[in-house]
Peer 1: 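The structure follows.
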Amino acid sequence: MAILPPKVEIDFTDELLTSKGGLTFLARFASLLHLPQMLAQNINLKLRNRGPSDAQYLLSLIYSMALGEGDLCDVDLLKEDLAQRTLAGLEEVPDSRRVSEYLCRFDEPSLTSLSDIAETISSQLVDSVVRYELSHRGWLPIFVDGTAIEVYGRYFEKAENLYNGQKGFWLHGAFIGNLWVKQRLYPGKVHPAKGYQELIEAVVKLLPEGTRGYFLMDAAYYNKEVVSLLKEAGQDYSISVTHGVHKKPLYELVQSLDEDAWEKIKDDGTEEAAFIYYQPTGWPEEETYVVVRQKEDGGQRRLFPRYRFILVSRKDLGLRELVRRHRQKQGQENLLKGPLRDLGLHHPPCQRFVANRAYYTLGQIAHLLLVGLQHKLLPEVARKCRPQTVIKHFLRVAAKVVRHARRLKVWFTKQIVHIDWIDFAASRLEEGLPFI
């Protein structure tokens, strides 16, 4: 039988319907964090006292990004949706052209103020993230890395050739667990580890007193200054060593190892590991390395073993555990890709570099709100999800906004996957728990 869609009558209604009813939770959570007040008090870029305020400009962008709509033109969707504006508490929303002009007004002092706001929000959320990671992993992963931000077109200020020959910028960031606590957009022609001191110091400042983090880093951070900074801060670390020049003396040490020094780290015997000790030229002291020897590749025995090297801060954990932890760096790398993918931040929207820096800082704040929802307002099972899942099943759900007896009420459809999340979050807010 042919499947025929039913004939329906098309009409319009004045009722306030929206496909993003979960925005009410996002806006109320932002208010509990005092985000609107901080924006109003610390960012003053408007020249005239008319139209949307500074806070309304910035909140419009933040909420749009948190809904997975990172393009500047997506602010127009919020502007035209009265139900969304009502739930967000925004009396006025600028159009995308005005937003673009507004971002270009940022300068170094205002960018610093915006970064300070992001840091304040991070400080309100970090304790919950640290407790969760320590209770579920037994250790606290901290990830510091940079990612390339590609651009298309010739008129992007300070865009330079990246390692793959394409023009773009570098976005460097630091994560405590899945919390994006620090970021900085750099011009394209900088070292991948530029600004490491600022990132590491920001992380250490946010950690609860006495907390020992475990920094997972790639080969760009293999230098004595990074290691010295981590040692002074009393933090653990695990750093890949991949450059041929750096690996050469380590290869020579491996050749002198006895077979008894190797320990199986896979039950099938396809991988083994051992400790080696070496003091790189110019480094103040001898360092500990884990070398992983792989004899097979895809079930086929290799003619010559493959060796991988990892600089580690401690050896009391054992070889198997050290390798296991370091390999979780790959999962952590997805954290930096997550905001770009989930919030629509893959491509910078502005030609001016300072405007793009402001844009990515607002993106960081939006991501902080999403992770905060996972840890503060949603059931524990939601903490294992990507922010994209929160956007899809918690924020972007159909709802009807009703005004009755001077009260505002939101009716959510029951035809959603995680209706339990809506009920749980509503109960948390109704109880007035001091969860911030």
Peer 1: May I ask you to check whether F169 and F353 place their ring centres under 6.0 Å from each other?
Peer 2: yes
Peer 1: Any ion pair linking K79 and E92 (charged N to carboxylate O, less than 4.0 Å)?
Peer 2: no
Peer 1: Provide the closest heavy-atom pair for D218 versus I239 in the form atom of the first, atom of the second, distance.
Peer 2: O-CG2, 3.5 Å
Peer 1: What are the two closest heavy atoms between S122 and Q364, and how far apart are they?
Peer 2: OG-NE2, 4.4 Å
Peer 1: What I want to check is whether the side chains of Y102 and D54 have a donor and an acceptor closer together than 3.5 Å.
Peer 2: yes
Peer 1: The test is side chain to side chain donor-acceptor pair (under 3.5 Å); show your working for Q41 and Q37 and say whether it passes.
Peer 2: CA-CA 6 Å; Q41 293 170 5; Q37 297 93 317; over 6 Å; no
Peer 1: Under 6.0 Å between ring centres, would you say that holds for H243 and Y222?
Peer 2: no
Peer 1: Using modelled atom types only, decide if a donor and an acceptor are shared between the side chain of D71 and the backbone of C73 within a distance under 3.5 Å.
Peer 2: no
Peer 1: Can we call the ring centroids of H172 and Y186 under 6.0 Å apart?
Peer 2: yes
Peer 1: Indicate the atoms forming the closest heavy-atom contact of L395 with A66, along with that distance.
Peer 2: CD1-O, 3.5 Å
Peer 1: Under a 3.5 Å threshold, yes or no: a donor from one side chain and an acceptor from the other, between Q388 and R341?
Peer 2: no
Peer 1: Classify the side-chain pair Q183/H367 by whether it contains a donor and acceptor separated by less than 3.5 Å.
Peer 2: no
Peer 1: Is the shortest side-chain N to carboxylate O distance from E133 to R383 below 4.0 Å?
Peer 2: no
Peer 1: So which atom in P348 and which in I149 form the shortest heavy-atom distance, rounded to 0.1 Å?
Peer 2: CD-CG2, 3.4 Å
Peer 1: Does the side chain of D76 pick up a donor-acceptor pair with the side chain of S96 at under 3.5 Å?
Peer 2: yes
Peer 1: Does the T211 side chain pair with the main chain of L207, one donor and one acceptor, at a distance under 3.5 Å?
Peer 2: no
Peer 1: Could you tell me if S64 and D74 have a donor-acceptor pair between their side chains, going purely by distance under 3.5 Å?
Peer 2: no
Peer 1: Is a donor on one side and an acceptor on the other found under 3.5 Å between the side chain of N42 and the backbone of M38?
Peer 2: yes
Peer 1: Against E271, only a single residue in R327, K264, R320 fulfils salt bridge (charged side-chain N to carboxylate O under 4.0 Å, His left out); can you say which?
Peer 2: R327
Peer 1: Are any side-chain N or O atoms of T18 and backbone N or O atoms of K20, one a donor and one an acceptor, separated by less than 3.5 Å?
Peer 2: yes
Peer 1: Keeping R396 on the side-chain end and L67 on the backbone end, is there a donor-acceptor pair under 3.5 Å?
Peer 2: yes
Peer 1: Under the side chain to side chain donor-acceptor pair (under 3.5 Å) rule, what do R212 and Q235 come out as? Steps first, then yes or no, please.
Peer 2: CA-CA 5 Å; R212 196 177 181 95; Q235 302 296 312; over 6 Å; no
Peer 1: Please say whether the positively charged group of R357, taken as NZ for Lys or CZ for Arg, lies over the ring of F106, i.e. under 6.0 angstrom from the six-membered ring centre and within 45 degrees of the axis.
Peer 2: no
Peer 1: Strictly by modelled atom types, are H375 and S128 linked by a side-chain donor-acceptor pair under 3.5 Å?
Peer 2: no
Peer 1: Do the side-chain N and O atoms of S110 and D107 include a donor-acceptor pair separated by under 3.5 angstrom?
Peer 2: yes
Peer 1: Whether the side chain of T270 engages the backbone of K266 through a donor-acceptor N/O pair (distance < 3.5 Å, no angle test) should be reported.
Peer 2: no
